[in-house]
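Throughout, residue positions are numbered sequentially from 1 according to the sequence presented.
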Amino acid sequence: MAADLASPLQLRCGATLPNRIAKAAMTEGLAGADDRPDEALATLYRRWAEGGAGLLISGNIMVDRRYLERPGNVAIEHDGDLPSLRAWAEAGTATGNQFWLQINHPGRQCHRFISARPPAPSAVRLDLGAVFGNPIAMSEAQIEDAIERYANAAALAQTAGFTGVQIHGAHGYLISQFLSPLANQRMDRWGGTVANRARFLREVVRATRDAVGAAFPIGVKLNSADFQRGGFAAEDSVKVARWLDQAGIDLLEVSGGTYEQLQFLGQAGKATDAAPPKRASTVAREAYFLDYARTIRDSVEVPIMLTGGFQTPDAMREVIGAGEVDVIGLGRPFALDPDFPQRLLAAEADDAPLPRAELSFGSRLPRWLRESLPIRLINAQGEAAWYYRQILALARGEQPNRGLGLLTALQRHYRDEMRILRRRHA
């Protein structure tokens with residue numbers, strides 16, 4: 001029998017997702033000065049739990065307090081973090097849904113005001129050097145320490161009452177850096193061949209499974225490709241997906257891109273040799289990475305979660321009903337209407353577009369200028385900041401502010417980032 005959005009999904013470990021709608025990870029930046037969750041995050045995730053999604057996945061949870069993806073990240077390292085984590089887990093599982101922590105290490109994508117010399121597979125600086133630090137190549141001991149930190153974070157999440165974890169292996173963070181031949185130029189057992197470059201991820205999965213046992217869900221978020229010439233390619237990603245399948249993970253989320261190539265933000269721009277034009281069918285059916293999901297469907301048995309680009313219930317129902325993917329991942333609609341999953345599940349015939357906002361800076365500029373890299377970056381960063389502000393409103397118990405201007409949102413976002421940094425250093 002074909003599945004629909006309301007169908008439950010049993011995972012390998014024995015856990016069950018109540019339905020096929022998942023809130024994908026969106027970085028929140030709402031931790032206190034001690035890098036721990038507070039009542040704002042509990043309020044936010046209680047609202048999302050009551051919204052009806054079967055699975056909630058948190059934003060970036062750092063496994064090492066010394067290195068954050070952005071100011072305001074939650075970081076977990078020891079038992080002292082458990083009281084605040086328990087309150088957050090209780091709120092986020094209020095309706096019997098699954099709530100997984102996304103555990104991550106930024107590697108070279110660490111804010112430079114937090115660490116000017118973050119660890120990375122190799123000392124290869126990110127193009128956006130004004131934001132991120134100048135990385136140093138990790139020693140063998142640092143690699144082993146990072147692996148154990150992922151496992152430790154997962155064990156703490158389990159103890160606190162979260163129902164699973166997702167290991168972030170996409171979007172240019174540390175695991176993604178190990179996978180990329182551009183970021184990983186090592187000549188030892190952690191670099192070179194795709195098998196060596198995937199060793200770090202496989203060891204993280206192994207250590208995490210050892211820490212939490214067979215009955216606790218482990219998901220992985222994986223890039224379909226980096227969309228950079230000479231980077232992590234789609235054929236490499238399929239190989240890695242097979243290895244993860246053999247390792248017994250419970251859910252594989254498909255995404256793509258890095259901060260240098262903004263596919264996952266919907267700001268792809270012109271195709272390169274590494275990013276050929278999308279098939280018309282994929283564009284028509286909205287999902288950015290559907291072609292890749294089809295490619296790996298025949299190669300793995302692990303359930304597939306597809307995130308990116310969905311705009312209508314009809315497209316979501318079609319890919320679930322056809323068995324092309326098992327879970328639909330959505331992010332930004334949750335920031336505008338936390339209750340929309342309930343309405344979506346209760347009214348299967350409703351084809352109204354998902355909640356979204358039309359945001360653009362420079363719409364009156366000449367086309368050549370609108371499509372230039374600086375304007376595209378302003379739009380990508382401004383749009384992200386706009387949605388951060390909506391998440392902040394939800395966390396305060398307020399309603400989203402659709403009238404907020406894009407540049408105003410960007411200004412307020414950076415003001416708050418600096419305030420958090422000053423508070424954290426104090």
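- Only one option out of Ile218, Val302, Leu201, Ile167 pairs with Leu244 in a side-chain contact (heavy atoms from CB on, under 4.5 Å); it is Leu201.
- Centroid-to-centroid, the aromatic rings of His111 and Phe113 come within less than 6.0 Å.
- Applying the salt bridge (Lys or Arg N to Asp or Glu O under 4.0 Å) test to residues at least two apart or on different chains, the pairs with a partner in residues 148-162 are Asp64-Arg149, Glu77-Arg149, Asp145-Arg149.
- A salt bridge does not link Arg65 with Asp34: none of the charged nitrogens is closer than 4.0 Å to a carboxylate oxygen.
- For the residue pair Asn60 / Asn73, no side-chain donor-acceptor distance below 3.5 Å is found, with atom types taken as modelled.
- Other residues, nucleotides and ligands contribute more than 12 heavy atoms inside 6.0 Å of the CD atom of Glu235.
- The backbone N or O of Leu5 sits nowhere less than 3.5 Å from a side-chain atom of Arg20 that would complete a donor-acceptor pair.
- By the 4.5 Å heavy-atom criterion applied to side chains, Lys23 and Tyr45 are counted as neighbours.
- In terms of heavy atoms, Pro119 sits closest to Met138 at CB-CG, 3.6 Å.
- Between the side chain of Arg108 and the backbone N or O of Phe132 there is no donor-acceptor pair closer than 3.5 Å.
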Derivation and outcome, salt bridge (charged side-chain N to carboxylate O under 4.0 Å, His left out), residues Asp416 and Arg412
CA-CA 6 Å; Asp416 286 354; Arg412 292 177 181 176; over 6 Å; no
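- Between atom CH2 of residue Trp100 and atom CD of residue Glu253 there is a gap of 10.0 Å, rounded to the nearest 0.5 Å.
- Heavy-atom contacts from other residues, nucleotides or ligands closer than 6.0 Å to CD of Glu144 number more than 12.
- Residues Arg242 and Asp245 are not paired through a salt bridge, judged by the lack of any N-O separation under 4.0 Å between the basic side chain and the carboxylate.
- Glu28 places no side-chain N or O within donor-acceptor distance of the main-chain N or O of Ala395, the cut-off being under 3.5 Å.
- Contact check for Gln381 versus Tyr414: side-chain heavy atoms found under the 4.5 Å cut-off.
- Side-chain contact between Tyr173 and Glu69: present, with at least one pair of heavy atoms (C-beta onward) separated by less than 4.5 Å.
- At least one donor-acceptor pair under 3.5 Å links the side chain of Ser58 to the backbone N or O of Gln102.
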Under 3.5 Å, sequence neighbours excluded: what are the donor-acceptor pairs made by side chains of residues 153-163?
unit_1 : atom_1 : unit_2 : atom_2 : d
Gln158 : NE2    : Val212 : O      : 2.9
Thr159 : OG1    : Ala155 : O      : 3.0
Thr163 : OG1    : Gln98  : OE1    : 2.9
Thr163 : OG1    : Phe99  : N      : 2.8
Thr163 : OG1    : Phe99  : O      : 3.2

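- Judged purely by distance below 3.5 Å, without hydrogens or angles, the side chains of Arg199 and Asn196 pair a donor atom with an acceptor atom.
- In this structure, Thr408 contributes its side chain and Leu404 its backbone to no donor-acceptor pair below 3.5 Å.
- Listed by first and then second residue, the salt bridge (Lys or Arg N to Asp or Glu O under 4.0 Å) pairs that reach into residues 151-179 come to none, sequence neighbours excluded.
- A donor atom on one side chain and an acceptor atom on the other are not found under 3.5 Å apart for Thr312 and Asp314.
- Note that the OH atom of Tyr67 and the CZ atom of Arg117 stand 10.5 Å from one another [nearest 0.5 Å].
- Taking 4.5 Å as the limit, every side-chain heavy atom of Leu68 sits out of range of all side-chain heavy atoms of Pro106.
- Distance check, rounded to the nearest 0.5 Å: NE2 of His413 to OH of Tyr387 gives 15.5 Å.
- Here the side chain of Arg46 pairs no donor or acceptor atom with the backbone of Ala94 at under 3.5 angstrom.
- Ion pairing of Glu140 with Arg189 is present here, as a side-chain N (NZ or NE/NH1/NH2) and a carboxylate O approach within less than 4.0 Å.
- Note: Tyr150 and His105 fail the aromatic proximity criterion, with ring centroids not under 6.0 Å apart.
- Side-chain contact between Leu17 and Asp326 is absent, with no heavy atoms from C-beta onward closer than 4.5 Å.
- At least one side-chain heavy atom of Phe200 sits less than 4.5 Å from a side-chain heavy atom of Leu174.
- Under the 4.5 Å side-chain criterion, counting only non-hydrogen atoms from C-beta, Leu44 is in contact with Ile391.
- A 4.5 Å side-chain heavy-atom check between Gln185 and Val124 finds at least one atom pair inside the cut-off.
- Classification of Arg209 and Asp250 as a salt-bridged pair holds, one side-chain N sitting under 4.0 Å from a carboxylate O.
- Considering every non-hydrogen atom in both Pro400 and Ala393, the closest pair reads CA-CB, 4.5 Å.
- Atom-to-atom distance recorded for Asn223:CG and Ile175:CD1 is 11.5 Å, nearest 0.5 angstrom.
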